[in-house]
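Values in this document were obtained by computation on a predicted structure and should not be read as measured data.
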Amino acid sequence: MKEIIEVIALFLGFAGWILIFISLQDHYWKKSSEDGSAITTSAIYENLWMSCASDSTGIFNCRDFPSIFALPGYVQVSRALMITSIVFGTFGLVATLVGMKCSKIGGENYVLKGRIAAIGGAFFLLQGICTMIAVSWYAAIITQEFFDPFYPGIKYEIGAGLYIGWFSAILAICGGACLMCSCIANRPDEEIPYPCQPSSRGHVLMTVERSQTVSSNYGKNAYI
């Protein structure tokens with residue numbers, strides 16, 4: 001049962017790790033709102049790396065952000081958190097593969113493997129937390145600007161990239177939680193099998209009893 005939980009946790013963490021890359025590649029982290037516009041001639045959408053615009057004919061043009069220091073603070077922090085989540089996810093995958101009971105990597109020291117798997121689960125939790133903070137903060141800024149009646153700039157709506165990021169964070173957190181719970185439930189005395197060997201003390205006692213029985217028999221025969 002524990003092996004199945006570890007495999008499920010590894011699958012969830014790996015799926016969340018892959019979805020981070022998909023979320024970063026998606027252009028639609030935020031898209032210009034059509035609310036209150038009678039005629040829409042172009043649409044603007046952005047992610048953490050570039051800004052794109054498309055017209056009614058379907059022609060679009062994208063440009064990378066020219067300078068990281070010219071970006072708003074929440075975009076810079078979201079970038080750093082997403083990259084950090086990728087690093088945590090990579091460490092989590094490696095540690096989980098080494099610490100799984102069904103894996104031959106690392107020998108058969110199940111106590112040590114359980115601790116390594118627990119570290120992998122902690123990395124998955126950190127991955128999910130970093131991703132959740134990044135996409136939630138980005139979405140909060142979009143929502144705040146959208147409902148601010150005095151905001152002078154273009155108002156945006158939440159794009160598909162943020163939903164992918166939320167799903168990635170949920171998968172990573174669930175995988176890390178399952179892995180850590182599975183490792184906490186393991187007991188060291190259950191993980192290391194010891195071969196059943198006869199007790200030398202019992203052998204000595206049996207030998208003494210036999211010698212005493214034989215000597216007593218000889219003692220009785222001596223009086224005959």
Side-chain angles (χ1 to χ4, degrees), residues 12-95 120 122-176:
L12 293 175
F14 180 72
W17 186 70
I18 292 296
L19 287 177
I20 295 176
F21 293 95
I22 297 177
S23 176
L24 288 175
Q25 292 294 325
D26 193 283
H27 292 168
Y28 292 91
W29 274 53
K30 64 179 181 179
K31 56 183 179 179
S32 57
S33 176
E34 299 179 0
D35 183 55
S37 300
I39 300 175
T40 303
T41 58
S42 62
I44 302 175
Y45 45 95
E46 296 181 0
N47 61 5
L48 296 177
W49 313 102
M50 64 181 64
S51 176
C52 301
S54 63
D55 55 18
S56 58
T57 61
I59 300 175
F60 66 92
N61 184 23
C62 296
R63 64 176 182 85
D64 296 331
F65 294 131
S67 174
I68 186 174
F69 298 107
L71 295 174
Y74 73 94
V75 177
Q76 300 182 29
V77 175
S78 297
R79 278 186 178 184
L81 288 173
M82 294 298 286
I83 294 174
T84 304
S85 65
I86 293 175
V87 176
F88 282 146
T90 303
F91 289 156
L93 289 173
V94 175
F123 278 126
F124 282 144
L125 286 176
L126 292 175
Q127 170 195 338
I129 291 172
C130 289
T131 305
M132 182 67 72
I133 293 174
V135 296
S136 298
W137 191 3
Y138 197 96
I141 297 298
I142 295 174
T143 306
Q144 180 182 356
E145 293 176 351
F146 183 85
F147 290 103
D148 186 3
F150 302 103
Y151 181 70
I154 301 174
K155 293 186 177 182
Y156 292 90
E157 295 180 357
I158 296 175
L162 294 180
Y163 293 105
I164 298 174
W166 275 317
F167 189 52
S168 168
I170 292 173
L171 290 180
I173 292 174
C174 291

Any donor-acceptor N/O pair, Ser23 side chain to Gly161 backbone, under 3.5 Å: yes
Atom pair OG1/CE of Thr131 and Met82 - distance to nearest 0.5 Å: 5.0 Å
Result block: side-chain N/O donor-acceptor pairs under 3.5 angstrom for residues 168-175, not counting sequence neighbours:
{"from": "Ser168", "atom 1": "OG", "to": "Gly16", "atom 2": "O", "distance (Å)": "2.6"}

Shortest non-hydrogen contact from Gly13 toward Gln127: O-NE2, 4.0 Å
Crowding at CD, Gln25 (>12 non-hydrogen neighbours, <6.0 Å): no
Leu12 CG to Phe124 CZ distance, which is reported to the nearest 0.5 Å: 9.0 Å
From Cys62 atom SG to Met50 atom CE, the distance as rounded to the nearest 0.5 Å: 6.0 Å
Tyr156 atom OH: more than 12 heavy-atom contacts under 6.0 Å: yes
Inter-residue atom distance Phe91.CZ - Leu126.CG, 0.5 Å rounding: 11.5 Å
Main-chain N/O of Trp29 paired to Asn47 side chain as donor or acceptor, under 3.5 Å: no
Set of side-chain hydrogen bond (donor to acceptor under 3.5 Å, both in side chains) partners for Trp17, sequence neighbours left out: Thr90
From CG (Asn61) to OG (Ser51), nearest 0.5 Å: 9.5 Å
Only distances under 3.5 Å count here; give the side-chain donor-acceptor pairs of residues 132-145 to other protein atoms, sequence neighbours excluded, each with its distance to 0.1 Å.
{"from": "Ser136", "atom 1": "OG", "to": "Met132", "atom 2": "O", "distance (Å)": "2.7"}
{"from": "Ser136", "atom 1": "OG", "to": "Trp166", "atom 2": "NE1", "distance (Å)": "3.1"}
{"from": "Thr143", "atom 1": "OG1", "to": "Ala139", "atom 2": "O", "distance (Å)": "2.9"}

Under 3.5 Å donor-acceptor, Lys155 side chain and Asp148 backbone: yes
For Ala43 against Ser32, the heavy-atom pair lying closest together: CA-OG, 3.6 Å
Side-chain touch Ile86/Phe21, heavy atoms, less than 4.5 angstrom: yes
Spatial distance of atom OG (Ser33) from atom CD1 (Ile44) [nearest 0.5 Å]: 12.0 Å
Among Leu24, Thr84, Leu71, side-chain contact (heavy atoms from CB on, under 4.5 Å) partner for Arg79: Leu71
